[in-house]
Amino acid sequence: MGKGIVLYFHNEENEMLFEKIILALKLRFRLVSAAQLETLLLQQKDLKNVCHITFDDGEHSFYTKIFPTLKKHQVPVSLFLSPQILTSNTNFWFQEIKGYDQSVMKDIIAAQLQIAREKINAYAYQDILKNLTFAQINNIINTYQQQTGCGQKPSLNMSVAEVLEVDRSGFVTIGAHTLNHPILKNEGDASCHTEIKKSIKKLEELLQHPIKYFAYPNGRPEIDFGEREISCLKESGITMG
């Protein structure tokens with residue numbers, strides 16, 4: 001049995017380069033939708049030369065740069081979204097912290113975690129935050145904004161209207177990606193279940209159809225998610241993650 005591939009993208013600003021990637025993939029692979037991939041997996045079919053393309057987060061470039069190319073070349077993809085970010089017209093925490101001052105952030109992190117500053121000097125603050133809960137990350141960001149007066153950045157992500165348009169296009173299958181994009185392994189049971197279950201429910205309410213697929217933030221098995229998260233997805237009606 002051959003193995004297929006899943007290619008995942010995030011923010012792709014170069015429309016011409018993405019089109020070249022699509023054309024190259026079409027020469028070698030059968031580009032399938034999420035539903036087609038699920039059927040092939042359930043039927044234990046040979047996946048040789050099968051490819052599914054996914055996008056995480058829903059940055060605005062998906063609508064302006066990627067979506068026109070998908071329509072032009074009739075290519076199906078999955079798009080994994082966090083409804084809390086979408087409906088509040090805000091940014092993911094990792095978008096919000098881009099460009100923050102390293103030294104100030106490390107001072108705030110050390111103070112919040114009550115550890116000596118020198119213990120975290122060797123690490124980028126972005127990497128440190130990936131080991132914290134979303135509540136801790138949110139507190140650190142709020143403290144930074146208060147101390148520096150920088151305020152929140154304008155949203156970098158798609159609008160609700162744009163999401164509804166791509167959802168109805170027939171080329172984009174939307175899946176859930178938690179409410180706020182925490183790394184689920186860092187969260188307690190209650191927070192983990194809320195992030196998963198409410199993200200699915202809110203997307204279903206917004207799109208007016210069931211959500212069957214889910215992408216784990218960061219996505220490394222046993223590091224970023226495990227059996228707890230898999231069980232929660234099954235309870236929530238998710239059939240493929």
Side-chain angles (χ1 to χ4, degrees), residues 6-15 17-19 21-22 31-38 51-98 134 138 152-184 194-219 232-233 236-241:
V6 174
L7 294 180
Y8 62 94
F9 295 83
H10 288 81
N11 183 28
E12 297 299 319
E13 293 283 359
N14 191 327
E15 190 173 0
L17 176 59
F18 182 72
E19 185 170 27
I21 293 170
I22 289 297
L31 303 183
V32 300
S33 67
Q36 289 172 320
L37 176 60
E38 182 183 17
C51 174
H52 179 58
I53 298 170
T54 78
F55 284 82
D56 282 357
D57 305 336
E59 293 205 19
H60 195 247
S61 61
F62 180 89
Y63 183 76
T64 58
K65 305 292 185 182
I66 302 305
F67 186 47
T69 302
L70 300 178
K71 291 192 290 184
K72 178 180 178 180
H73 295 287
Q74 305 281 290
V75 174
V77 303
S78 290
L79 173 62
F80 295 99
L81 300 175
S82 297
Q84 182 68 26
I85 303 299
L86 176 64
T87 57
S88 63
N89 199 37
T90 54
N91 289 314
F92 291 96
W93 63 266
F94 49 85
Q95 294 173 323
E96 198 66 28
I97 65 173
K98 190 173 182 180
F134 177 70
N138 207 33
Q152 291 186 339
K153 296 175 182 175
S155 174
L156 299 171
N157 301 305
M158 295 168 63
S159 69
V160 170
E162 290 165 347
V163 169
L164 291 173
E165 181 182 343
V166 302
D167 181 59
R168 293 163 183 162
S169 70
F171 299 109
V172 181
T173 300
I174 291 179
H177 198 38
T178 71
L179 282 175
N180 298 291
H181 206 289
I183 295 179
L184 290 167
T194 296
E195 285 285 343
I196 291 174
K197 292 183 177 183
K198 284 195 175 180
S199 71
I200 297 164
K201 183 179 179 182
K202 283 178 175 284
L203 273 181
E204 289 179 336
E205 290 172 350
L206 179 68
L207 302 177
Q208 293 296 295
H209 62 69
I211 296 295
K212 296 179 61 181
Y213 310 122
F214 184 94
Y216 304 98
N218 238 45
C232 188
L233 292 186
S236 304
I238 295 295
T239 59
M240 188 165 65

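Positions are given from 1 along the sequence.
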Any side-chain heavy-atom pair from Leu31 and His73 closer than 4.5 angstrom? no

Side-chain H-bond candidate by donor/acceptor type, Thr239 with Glu38, under 3.5 Å: yes

Roughly how far, to the nearest 0.5 Å, is the CG atom of Leu86 from the CG atom of Leu81? 6.5 Å

Partner residues of His52 under the ring pair (Phe, Tyr, Trp, His ring centres under 6.0 Å) criterion, sequence neighbours left out: none

Measure the spacing between CG of Leu184 and CD1 of Ile196 and express it to the nearest 0.5 Å. 5.0 Å

Phe67 side, atom CZ; Phe171 side, atom CZ - distance, nearest 0.5 Å: 7.5 Å

Between Asn157 (side chain) and Thr90 (backbone), is there a donor-acceptor pair under 3.5 Å? yes

What is the distance from atom CG of Asn11 to atom CZ of Phe55, rounded to the nearest 0.5 Å? 9.5 Å

Which value, rounded to the nearest 0.5 Å, describes the distance between Phe214 atom CZ and Leu203 atom CG? 10.0 Å

Taking side chain as C-beta onward, heavy atoms only, is Glu165 less than 4.5 Å from Tyr63? yes

Distance-minimising heavy-atom pair for Pro68 and Glu15: CB-OE2, 4.1 Å

Main chain of Thr178, side chain of Ser82: is a donor-acceptor contact present, judged purely on distance under 3.5 Å? yes

Count the heavy atoms of every other residue, nucleotide or ligand shown that sit under 6.0 Å from OH of Tyr8, and state whether that count exceeds 12. no

Evaluate the side-chain proximity of Leu207 to Val163: yes if any heavy-atom separation is below 4.5 Å, no if none is. yes

Only residue of Asn14, Thr69, Ile66 satisfying side chain to side chain contact (heavy atoms under 4.5 Å, CB included) with Glu19 is Thr69

State whether a side-chain donor-acceptor pair under 3.5 Å links Glu96 with Asn91. yes

Where do Lys65 and Glu13 land on the side-chain contact (heavy atoms from CB on, under 4.5 Å) test, with the steps shown first? CA-CA 6 Å; Lys65 305 292 185 182; Glu13 293 283 359; 4.1 Å; yes

Begin from the C-alpha positions of Lys198 and Gln84 and carry the test side-chain contact (heavy atoms from CB on, under 4.5 Å) through to its verdict. CA-CA 9 Å; Lys198 284 195 175 180; Gln84 182 68 26; over 6 Å; no

Can you measure from CG (Leu206) to CD1 (Ile174) and round to the nearest 0.5 angstrom? 8.0 Å

If you look at every heavy atom in Ala35 and Tyr213, which pair is closest and at what distance? CA-OH, 3.4 Å

Please state whether the rings of His181 and His177 are parallel, tilted or perpendicular, taking 30° and 60° as the class boundaries. perpendicular

Backbone N or O of Leu179 within a donor-acceptor pair of the Glu195 side chain at under 3.5 Å? yes

Hey, does the Lys NZ or Arg CZ of Lys98 hover above the aromatic six-ring of Phe94, less than 6.0 Å from the centre and inside 45° of the axis? no

Residue among Ile53, Leu37, Val6, Thr54 satisfying side chain to side chain contact (heavy atoms under 4.5 Å, CB included) with Ser78: Thr54

Do Ser236 side-chain atoms and Ile238 backbone N/O form a donor-acceptor pair below 3.5 Å? no

Please check if atom NZ in Lys202 has more than 12 non-hydrogen atoms from other residues, nucleotides or ligands closer than 6.0 Å. no

Would you name the heavy atoms of Val32 and Pro76 that are closest together and state the gap between them? C-CG, 3.6 Å

May I ask you to check whether Gln95 and Asp57 show a side-chain donor-acceptor distance below 3.5 Å? no

For the pair Phe9 and Phe18, name the ring-plane relationship: parallel under 30°, tilted 30 to 60°, perpendicular over 60°. perpendicular

Carefully, step by step, assess His209 and Asp167 under the rule side-chain contact (heavy atoms from CB on, under 4.5 Å). CA-CA 10 Å; His209 62 69; Asp167 181 59; 3.0 Å; yes

Check the pair Phe62 / Val166 against side-chain contact (heavy atoms from CB on, under 4.5 Å), numbers first and verdict last. CA-CA 10 Å; Phe62 180 89; Val166 302; 4.3 Å; yes

Can you find a heavy atom in the side chain of Cys51 that is under 4.5 Å from one in the side chain of Leu7? yes

